[in-house]
Peer 1: 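Quick one: this structure, given as structure tokens, is what I'll be asking you about.
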Amino acid sequence: MRLKAYHLTKSYRRGQTHFDAVRNVSFSLTDEAFVCLIGRSGSGKTTLLNMAIGLLSPDSGEILVDGNNLFSLDEWQRSDFRNEKIGYIPQGRSLLGNLTALDNARLPFHLQRRSGDSLQKARELFDQLGISHLENSYPAELSGGELRRVALARALINSPELILADEPTSDLDIDTAREIWNLFSSLNEQGVAFLVATHDVELSHRGNATWEMHSGQLTQEVK
Ligand SMILES: Nc1ncnc2c1ncn2[C@@H]1O[C@H](COP(=O)(O)OP(=O)(O)OP(=O)(O)O)[C@@H](O)[C@H]1O
Ligand SMILES: [Mg+2]
């Protein structure tokens, strides 16, 4: 999948003033990409990620997925596109409190009509992520790092082509954070593209490109 963004801008209002959370940002993501998106808090990383996959409409600009304009699709079609192709790990807590950890991870599989079942895949992912013992726990019973890993299993359940992760290791100890980045690297070698917003400077060197946001603007550096 090739995802291209052209001149994305998103403005918000604060008090009497308008400001650009993202200003005139263009980029291209290929199948092999492993991009780390860095930048200070408030620089526009989450806003950019949300626009990149059509969760948030830009005020101006375009996103093309394999040549097709993402915002010419209706909301249902965009949602199908995300469900099929994208694994998203949002910033902060995002699991549903009334489902077990395993059912949270399985949920995206069941949002569309698919053959087969998600149970075996979900169990394999839990095993890989070292959280098999937490299958039947509810989110309220899990630590920050455990919640992260469940969210990661959920992002992987439909074998996405692109994973967007927003500060995926921000509340993890360094060893667990390394394990998660190792997993990202090995998935990337298997052909999954990554765009990861992170404050984790040490681990961000794992990517093959670093993009930096500064007051809504993007500078790109490819290693
Ligand atoms: N819905 C909104 N309404 C108004 N302002 C918003 C909204 N969402 C984000 N902002 C503002 O836009 C700017 C960019 O926010 P964003 O969440 O994209 O930053 P970020 O780089 O992800 O920060 P962090 O590293 O803290 O997650 C911030 O100043 C934020 O306060
Ligand atoms: Mg953010």
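Along the sequence shown, residues carry numbers from 1. Quantities reported herein were computed from a predicted structural model and do not represent experimental measurements. Counting starts at 1 for both ligands and their atoms, in listed order.
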Peer 1: Judging by distance only, is a nitrogen or oxygen of Gly42 under 3.5 angstrom from one on ligand 1?
Peer 2: yes

Peer 1: What pair of heavy atoms forms the shortest contact from Arg148 to Gly92, and how long is it?
Peer 2: NH2-N, 3.3 Å

Peer 1: Donor-acceptor pair, Asn208 side chain versus Glu32 backbone, under 3.5 Å?
Peer 2: yes

Peer 1: Select the closest option to atom 22 (O) of ligand 1 among Thr47, Thr46, Asp20, judged by heavy-atom distance.
Peer 2: Thr46

Peer 1: If we ignore hydrogens and angles and just use 3.5 Å, is the side chain of Arg82 paired with the main-chain N or O of Gly87 as donor and acceptor?
Peer 2: no

Peer 1: Give the residue and atom name of whichever protein heavy atom lies nearest to atom 1 (N) of ligand 1, and the separation in Å to one decimal.
Peer 2: Tyr12 CE2, 3.6 Å

Peer 1: With side chain to side chain donor-acceptor pair (under 3.5 Å) as the criterion, how do Tyr6 and Asn24 come out once you've worked through the C-alpha distance, each side chain's angles and the decisive distance to 0.1 Å?
Peer 2: CA-CA 8 Å; Tyr6 294 98; Asn24 194 22; over 6 Å; no

Peer 1: Would the distance check show the side chain of Asp166 and the main-chain N or O of Ala197 forming a donor-acceptor pair, the cut-off being under 3.5 Å?
Peer 2: no

Peer 1: Would you mind running through ligand 1 and noting each atom that sits below 4.0 Å from a heavy atom of Arg40?
Peer 2: 21 (O)

Peer 1: Tell me the protein heavy atom at minimum distance from atom 11 (C) of ligand 1, and give that distance in Å.
Peer 2: Phe19 CZ, 3.7 Å

Peer 1: Check ligand 1 against His199 and write out every atom of the ligand that is under 4.0 Å from a heavy-atom position of the residue.
Peer 2: 25 (O)

Peer 1: Would you find a donor on one side and an acceptor on the other, under 3.5 Å apart, between the side chain of Ser94 and the backbone of Pro90?
Peer 2: no

Peer 1: Return the closest protein heavy atom for atom 12 (O) of ligand 1 as residue, atom name and distance.
Peer 2: Ala21 CB, 3.5 Å

Peer 1: Under 4.0 Å, counting heavy atoms only: does Met213 come that close to any atom of ligand 1?
Peer 2: no

Peer 1: Do me a favour and list the nearest non-hydrogen protein atom to atom 30 (C) of ligand 1 with residue, atom name and distance?
Peer 2: Arg14 NH2, 3.7 Å

Peer 1: Please check: side-chain N/O of Gln217 versus main-chain N/O of His214, any donor-acceptor pairing under 3.5 Å?
Peer 2: no

Peer 1: Considering heavy atoms of the protein only, find what lies nearest to atom 27 (O) of ligand 1 and give residue, atom and distance to 0.1 Å.
Peer 2: Gln91 NE2, 2.8 Å

Peer 1: Go through the structure and list residues passing side chain to side chain donor-acceptor pair (under 3.5 Å) with Glu179, not counting sequence neighbours.
Peer 2: none

Peer 1: Quick check: does Gly44 get an N/O under 3.5 Å from an N/O on ligand 1?
Peer 2: yes

Peer 1: Could you tell me whether Glu135 and Arg123 have a side-chain N and a carboxylate O separated by less than 4.0 Å?
Peer 2: yes

Peer 1: Give me the protein N, O or S atoms that fall under 2.8 Å of the Mg ion (ligand 2), sorted by chain and residue number.
Peer 2: Thr46 OG1, Gln91 OE1

Peer 1: How about CZ on Arg114, more than 12 heavy atoms from neighbouring residues, nucleotides or ligands closer than 6.0 Å, or not?
Peer 2: yes

Peer 1: Does ligand 1 have an atom under 4.0 Å from some heavy atom of Ser43?
Peer 2: yes

Peer 1: Among protein heavy atoms, which sits nearest to atom 25 (O) of ligand 1, and what does the distance come to when rounded to 0.1 Å?
Peer 2: Lys45 NZ, 2.7 Å

Peer 1: Would you check if there is a donor-acceptor pair between the side chains of His199 and Ser170 at a distance under 3.5 Å?
Peer 2: no

Peer 1: Checking the side chain of Asn104 only, and the main-chain atoms of Leu95 only, is there a donor and an acceptor separated by less than 3.5 Å?
Peer 2: no

Peer 1: Say whether Thr219 and Trp211, considering side chains only, have a donor N or O and an acceptor N or O under 3.5 Å apart.
Peer 2: no

Peer 1: Pick one of side chain, backbone, both or neither for how Glu167 approaches ligand 1, counting any non-hydrogen atom pair under 4.0 Å.
Peer 2: side chain

Peer 1: Please write down residue, atom name and distance for the protein heavy atom closest to atom 26 (O) of ligand 1.
Peer 2: Ser41 OG, 2.6 Å

